[in-house]
Visitor: 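Quick one: the structure is below, questions incoming.
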Amino acid sequence: MPALSVNSLFKSYGGVHAVSDVSFEVARGDVFALLGPNGAGKTTTIEILEGFHKRDGGDVRVLGVDPGERHNQRWLRTRIGVVLQEMAVESFFSVRQVLERNAGFYPSPRRVGEVIELVGLCDKTDVKVKKLSGGQQRRLDIGLGIIGNPKLLFLDEPTTGLDPAARRMTWDLIRTLSDQGTTVMLSSHYMDEVEALAQHVVVLAKGQIAASGTPWSLGGREFGKVVISFTLPEGVAIADLPVQTSRCAGGKVEVDTDCEIEVLARLTNWSMESHHSISGLSVMRQTLEDVYLKLTHDAEQRAEPVVA
Amino acid sequence: MKTIEAIEAETKSVAKDLRLVLHQVKYEQMAFWVNKTGAIFTLGFSVLFLVLLGATNGSQTISSLHNITNNQFYVPGFAAYGVMSACFTMLAINLVTRRETGLLKRLRLSPLPAWALLAAIYISTAIVAVSQVAVILIIGRIGYGVQFPSNWLALALVLIVGIACFTAMGVAISSVIPNQETAGPVTSIAFFLLLFLSGLWFPIAPTSGLATFSKFFPVYHLLQAMAAPFQLQPGVSAWAWGDLGIIGIWGVGCGLIALRRFRWSPRRG
């Protein structure tokens with residue numbers, strides 16, 4: 001049984017489809033990412049899975065039960081952890097106090113000390129929440145998400161607004177949790193985050209699935225166009241090169257191609273034979289960000305807001 | 001996969017639920033006392049007003065109220081003030097702040113059931129209200145020689161009804177206040193205006209136009225009901241049934257609004 005399964009999910013607000021025909025499955029122990037621009041339906045989807053919103057249509061199973069059913073909610077809430085997009089921790093309590101308070105809600109919580117260690121706040125145990133930095137507060141927020149020892153953890157844009165160091169610490173924490181067997185459902189609009197953490201990704205745009213797959217294969221990325229670039233050797237004109245160039249600016253030449261092996265072979269052979277050394281050679285596959293921007297842009301073009 | 005019966009068996013355990021409520025009450029109380037501004041605004045103000053007014057003109061008598069002293073008039077008045085500020089003003093501001101900062105939503109998604117959270121908030125508010133009344137009565141007795149109520153049972157009933165009604169009002173008004181910034185001003189202005197019109201600072205003649213207006217609102221009736229158990233005037237019953245009835249009607253009405261309108265999540269910008 002998968003940790004999560006969503007089948008043809010629909011939800012609209014005031015006649016506008018927030019989520020429309022979304023289906024996916026998350027295997028136990030996976031890190032799964034929902035990617036999409038603001039307003040794409042990520043939070044709506046997550047909050048339906050958490051049982052916070054009712055859906056209009058489709059079938060949803062979280063740890064095998066329907067989160068829309070009232071009698072399942074309490075059972076479910078002892079087994080899931082939730083970190084909301086808005087950070088929400090009482091500011092006048094100490095780190096230990098908030099964690100102890102929330103630990104009391106669960107039948108078999110993690111030890112408070114263990115959570116403090118996991119989120120790296122050992123030296124802040126008795127410090128008031130309001131005295132913590134933004135990154136530290138966010139880590140405490142995640143600590144509250146895992147205090148109940150959840151089988152499934154929802155993280156809605158966990159690193160938005162964090163500095164790079166705090167983001168990396170949060171990534172490490174998510175990896176640790178994943179290694180310990182927690183299934184993680186993540187939403188983000190950072191491509192590097194998804195690439196670093198997730199095994200599966202669904203790109204949402206305008207409430208619909210624009211693409212899904214592994215981060216490295218998304219949108220045909222493993223086959224798609226690459227950019228080969230290098231510095232134009234001295235005394236060589238563009239026309240002398242053995243390949244068709246796409247751009248040339250400031251002595252830097254770029255070749256767009258989808259048969260990179262052939263282009264590289266021609267270039268390197270030419271370089272060896274004509275004794276023109278090529279410097280600054282790089283081969284760049286399109287980044288996940290390129291793919292993502294293209295996918296979401298295409299979806300925007302296709303779908304004007306749908307009125308139910 | 002869990003069966004529905006198993007899920008229900010796991011969730012239905014009264015003792016466990018009560019422990020959960022008490023656990024949350026503990027943290028509600030901690031939150032109240034740790035947040036000094038809130039504690040000062042509720043506890044401190046009623047005491048401060050009583051002390052200041054008592055020092056100014058406390059021993060003068062009020063001829064329209066059978067020559068009771070001002071202090072005898074103020075003590076039940078500020079006991080009522082304590083109940084109202086804890087249950088109405090404080091609670092409303094507290095709920096709006098917690099809702100708009102996402103704290104309520106977060107709690108909603110924890111295993112703490114909604115009813116348990118609301119029960120804990122209610123119990124915690126009642127603790128603050130009752131401790132306020134106790135402080136006022138003790139200061140009145142020691143500082144100004146105002147006797148304790150002659151009918152404690154009647155006082156207990158006033159507290160039960162008053163706390164229930166004003167808590168319901170606090171929750172109801174919190175559900176219509178849009179954001180944190182307006183929570184303080186809206187509740188305080190509404191509250192102080194009604195206090196003024198209902199005769200907390202000076203007695204108002206029961207037959208005046210002002211009294212007719214004030215009698216529509218529960219503030220006037222709580223002031224009256226709180227004074228009754230002291231039995232300061234001859235022939236007045238300790239049980240102010242009429243006042244309690246009107247307070248009760250307001251409580252039920254506001255309770256219904258609260259149930260219908262209560263929101264867990266912040267308004268999105």
Side-chain angles (χ1 to χ4, degrees), chain A residues 1 13 38-39 43-44 46-47 49-53 61 63-67 69-94 97-109 128-130 141 144-145 147-150 154 156, chain B residues 1-13 15-39 94 97-117 120 124 180 263-269:
Chain A
M1 182 186 59
Y13 291 108
N38 289 330
T43 298
T44 304
I46 288 189
E47 291 188 347
L49 300 180
E50 290 164 351
F52 192 72
H53 291 307
R61 300 282 137 176
L63 300 175
V65 305
D66 181 348
E69 293 285 344
R70 232 185 140 81
H71 61 259
N72 288 335
Q73 290 197 339
R74 203 163 160 194
W75 181 87
L76 208 48
R77 277 169 193 163
T78 60
R79 284 161 181 80
I80 62 170
V82 170
V83 178
L84 300 171
Q85 200 170 337
E86 312 92 2
M87 192 158 54
V89 187
E90 281 90 343
S91 57
F92 35 79
F93 283 145
S94 73
Q97 283 170 335
V98 249
L99 285 168
E100 276 173 351
R101 196 268 313 268
N102 279 38
F105 298 158
Y106 296 87
S108 48
K128 292 248 161 85
V129 172
K130 62 183 166 201
D141 210 14
L144 287 173
I147 187 78
N149 208 359
F154 292 97
D156 198 355
Chain B
M1 190 160 153
K2 287 259 172 180
T3 63
I4 288 171
E5 289 73 31
I7 292 171
E8 281 180 349
E10 191 178 321
T11 40
K12 275 181 190 162
S13 158
K16 221 167 60 180
D17 281 355
L18 284 180
R19 263 205 309 279
L20 209 51
V21 172
L22 289 181
H23 176 77
Q24 181 62 15
V25 167
K26 178 179 142 196
Y27 285 91
E28 292 287 334
Q29 281 292 299
M30 265 168 65
F32 176 79
W33 297 106
V34 163
N35 179 5
K36 293 185 189 65
T37 344
N94 177 353
T97 308
R98 284 163 75 168
R99 183 188 71 213
E100 294 304 313
T101 51
L103 289 168
L104 281 187
K105 186 174 178 182
R106 177 112 211 201
L107 281 173
R108 186 78 191 88
L109 289 167
S110 80
L112 182 71
W115 70 264
L117 174 64
S124 179
Q180 269 167 279
R263 284 187 296 120
W264 294 93
S265 44
R267 215 164 267 236
R268 299 219 177 209

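Order of the sequence lines fixes the chain letters, A, B, ..., with proteins taken first and strands second; residue numbering starts at 1 for each chain. Just so you know, these numbers use all the heavy atoms, side chains as well, and skip hydrogens, waters and symmetry mates.
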Visitor: Under 4.5 Å, heavy atom to heavy atom: which of residues 106-115 of chain B reach chain A? Give them by number, or say none.
Guide: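 Against chain A, the residues of residues 106-115 of chain B that fall inside the cut-off (heavy atoms, under 4.5 Å) are B:R106, B:L107, B:R108, B:L109, B:S110, B:P111, B:L112, B:P113.
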Visitor: Name the option with the most non-hydrogen atom pairs under 4.5 Å to chain B; the candidates are A:E90, A:K128, A:E69, A:Q73.
Guide: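 Of the options given, most contacts go to A:E90.
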Visitor: Nearest 0.5 Å, please: how far is CZ in A:F52 from NZ in B:K105?
Guide: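 If I round to the nearest 0.5 Å, the distance is 5.0 Å.
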Visitor: Check whether B:A31 gets within reach of chain A through its side chain, its backbone, both or neither, counting any heavy atom under 4.5 Å.
Guide: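 Backbone plus side chain of B:A31, per the 4.5 Å heavy-atom cut-off to chain A.
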Visitor: For A:V98, which atoms come within 4.5 Å of any heavy atom of chain B: side chain, backbone, both, or neither?
Guide: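 Contact with chain B is absent: no heavy atom of A:V98 under 4.5 Å.
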Visitor: With only heavy atoms counted, which part of B:L103 is less than 4.5 Å from chain A, the side chain, the backbone, both or neither?
Guide: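 Both backbone and side chain.
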Visitor: Find the distance between NE2 (B:H23) and CZ (A:F105) and round it off to the nearest 0.5 Å.
Guide: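 It comes to 5.5 Å.
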Visitor: Side chain, backbone, both or neither: which part of A:I80 has a heavy atom under 4.5 Å from chain B?
Guide: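 When you check distances to chain B, no heavy atom of A:I80 falls under 4.5 Å.
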Visitor: Can you confirm whether A:R101 sits close enough to B:M30 that some side-chain heavy atom of one is under 4.5 Å from a side-chain heavy atom of the other?
Guide: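 Not touching, per the 4.5 Å side-chain cut-off.
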Visitor: Need one label for A:F92: side chain, backbone, both or neither, based on atoms under 4.5 Å from any heavy atom in chain B.
Guide: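 Both parts, heavy atoms under 4.5 Å.
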Visitor: What residues, two or more places apart in sequence or in another chain, satisfy salt bridge (Lys or Arg N to Asp or Glu O under 4.0 Å) together with B:R99?
Guide: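 Salt bridge (Lys or Arg N to Asp or Glu O under 4.0 Å) check on B:R99 returns nothing, list empty.
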Visitor: Considering only NZ, NE, NH1 and NH2 on the basic side and carboxylate oxygens on the acidic side, decide whether A:E100 and B:K26 come within less than 4.0 Å.
Guide: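 Judged by the 4.0 Å cut-off on N to carboxylate O distance, A:E100 and B:K26 do not form a salt bridge.
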